[in-house]
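Each chain gets a letter, A, B and so on, in the order the sequences are listed, and its residues count up from 1. All values below were derived from every heavy atom in this structure, side-chain atoms included, with hydrogens, water molecules and symmetry-related copies excluded. From a predicted model like this one, the values you see are computed outputs, not experimental measurements.
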Amino acid sequence: MKIATYNVNGINGRLPVLLKWLNETEPDIVCLQELKAPQEKFPEKAIQDLGYHAIWNGQKSWNGVAILSRTDEVQEICRELPGDEEDIQSRYLEAMVAGIHVCCLYLPNGNPAPGPKFDYKLRWFERLTTHAAELLASGKPVVLTGDYNVMPTELDVYKPERWHEDALFRPEVRQAFKTLVDQGWTDAIRKLYPDQTIYTFWDYFRNAYGRNAGLRIDHFLLSPSIAPRLTAAGVDSAVRGWEKTSDHAPVWIELSDE
DNA sequence: ATGTCAGGTTGGACCTGA
């Protein structure tokens, strides 16, 4: 079974790219982030026509997450991260698919830092960590995936010295990611490729993709009950070179049958 | 500092967020 995560950066603006990629790679389960579309503007028909069930949590202009499945039904569990009833940003969606507890998240960017946006990012991270601990304690097979907006280590940044003050790389944020992973989660890409330079994002400026000036900020965290099933993982980086494409590339993992 | 996108709008040119 293949599970993918993809920050599409506008699902309607990038729809041809999304559909082409789905057709070519046929992931079983897909988590999408940055839909940038209100609930009623999700391209449900186009995605259904490719054979996918979908649930989504939309929002006008910004954010927005979705979970797609072409195997089993998607049984929604919740559409907000617990811990702040005043948080109205659509950044979280959790569902049961094919016996797997799938959590799709779009962690706040946090720039400029320091500032209220950075504070919001850290609070969001704390809420995620609290919720993740409960999921771990349940013992269920859980996949916690999406755009974390964090480069965990210097290996995940093309020029670390330029990013130390950025909200995606500041020590507080890297520590927050480490605290989360240290609960017992497996970073799928790093488990299989501990020393390789692997990026999932290249910004639109200065030919970043052409120069491979990238970041690794989209991650798969696996609970101990599912991590032993991990057989492969990768980034469909060629998609980043397509016309009218997102600044992120799709990331995927392959799981063996139980 | 630079640079490039998408979505949105006190309307086709500028704003925000990334």
Side-chain angles (χ1 to χ4, degrees), chain A residues 5-21 31-44 46-47 56-66 81 87-92 104-125 128 145-152 156-170 172-174 176-177 199-219 235-251:
Chain A
T5 188
Y6 187 18
N7 179 320
V8 290
N9 190 5
I11 192 166
N12 288 305
R14 315 295 190 189
L15 192 58
V17 167
L18 173 64
L19 298 178
K20 182 182 178 200
W21 167 72
C31 292
L32 301 175
Q33 301 87 35
E34 269 208 275
L35 305 181
K36 290 184 170 178
Q39 191 70 7
E40 65 275 15
K41 292 279 181 63
F42 184 86
E44 184 176 17
I47 283 169
W56 62 96
N57 183 7
Q59 182 180 332
K60 186 178 172 184
S61 306
W62 318 119
N63 309 316
V65 286
L81 185 63
D87 183 2
I88 53 163
Q89 300 191 24
S90 296
R91 295 181 173 277
Y92 192 78
C104 174
L105 64 98
Y106 175 43
L107 215 131
N109 176 294
N111 278 306
K117 291 188 173 180
F118 190 63
D119 295 340
Y120 173 62
K121 179 177 196 170
L122 293 179
R123 286 201 314 275
W124 211 95
F125 229 131
L128 178 63
T145 189
D147 178 359
Y148 283 73
N149 269 316
V150 184
M151 296 84 87
D156 303 308
V157 197
Y158 68 99
K159 275 196 174 160
E161 65 276 14
R162 290 192 184 174
W163 288 86
H164 281 122
E165 298 302 313
D166 192 277
L168 278 65
F169 199 53
R170 288 175 73 97
E172 307 95 304
V173 175
R174 277 186 279 164
F177 186 82
Y199 299 139
T200 68
F201 168 96
W202 298 260
D203 78 30
Y204 292 119
F205 307 154
R206 293 156 292 167
N207 188 31
Y209 180 66
R211 296 184 296 117
N212 197 25
L215 310 172
R216 189 175 75 98
I217 56 177
D218 303 273
H219 307 298
V235 181
D236 291 334
S237 50
V239 176
R240 179 62 183 81
W242 294 358
E243 289 294 315
K244 298 286 287 178
T245 199
S246 170
D247 40 7
H248 295 249
V251 185

- Would you kindly give the CG-to-C1' distance between A/Asn7 and B/dA18, to the nearest whole Å? 9 Å
- Query: When syn is taken as a glycosidic angle within 90 degrees of 0, is B/dG11 syn or anti?
  - Reply: anti
- Sticking with atom C1', work out how far B/dT10 lies from B/dC5, rounded to a whole angstrom. 25 Å
- CG of A/Leu128 to CZ of A/Arg91: how many Å apart, nearest 0.5 Å? 12.0 Å
- Drop me the distance from A/Leu215's CG to A/Tyr158's OH, to the nearest 0.5 angstrom. 7.0 Å
- Item | A/Gly110 vs A/Arg162, nearer the 5' end of DNA chain B by closest nucleotide | A/Arg162
- Message: I'd like the P distance from B/dT16 over to B/dG11, given in whole Å.
- Response: 16 Å
- Atom pair CG/CD1 of A/Asn149 and A/Ile217 - distance to nearest 0.5 Å: 5.0 Å
- Query: Once you round it to whole Å, what is the distance between P of B/dT2 and NZ of A/Lys159?
  - Reply: 19 Å
- Task: Compute the centroid of each ring, for A/His248 and then for A/Tyr6, and state whether the two points are separated by less than 6.0 Å.
- Result: no
- Task: Verify, without hydrogens or angle tests, whether A/Arg216 (side chain) and A/Thr200 (backbone) share a donor-acceptor contact under 3.5 angstrom.
- Result: no
- Using atom C1' of each nucleotide, how far apart are B/dT2 and B/dG7 to the nearest Å? 23 Å
- Rounded interatomic separation in angstrom, taking CZ from A/Phe201 and P from B/dG17: 17 Å
- Provide, to the nearest angstrom, the distance between the NE2 atom belonging to A/His248 and the P atom belonging to B/dG17. 17 Å
- What is the distance from CG of A/Asn63 to P of B/dT16, rounded to the nearest Å? 17 Å
- Rounded to the nearest 0.5 Å, how far apart are CG of A/Leu32 and CG of A/Asn7? 9.0 Å
- Query: If we take the P atom in both B/dA1 and B/dA6, what is their distance in whole Å?
  - Reply: 25 Å
- Message: Within this structure, what is the OG-CH2 distance for the pair A/Ser237 and A/Trp202, rounded to the nearest 0.5 Å?
- Response: 5.0 Å
- Message: Using whole Å, what does the distance between atom P of nucleotide B/dG17 and atom OH of A/Tyr106 come to?
- Response: 12 Å
- Message: Please report the distance, rounded to the nearest Å, between CZ in A/Arg91 and C1' in B/dA18.
- Response: 10 Å
- Message: Rounding to an integer number of Å, can you tell me how far A/Asp166 CG sits from B/dA1 C1'?
- Response: 15 Å
- Note on the structure: Per-nucleotide protein contact along nucleotides 4-11 of chain B, 5' to 3', at a 4.0 Å heavy-atom cut-off (B base, S sugar-phosphate only, - neither), is BSSSSS--
- Determine the contact category for A/Tyr209: base if any of its heavy atoms lies under 4.0 Å from a base atom, sugar-phosphate if only primed atoms, P, OP1 or OP2 are that close, otherwise nothing. nothing
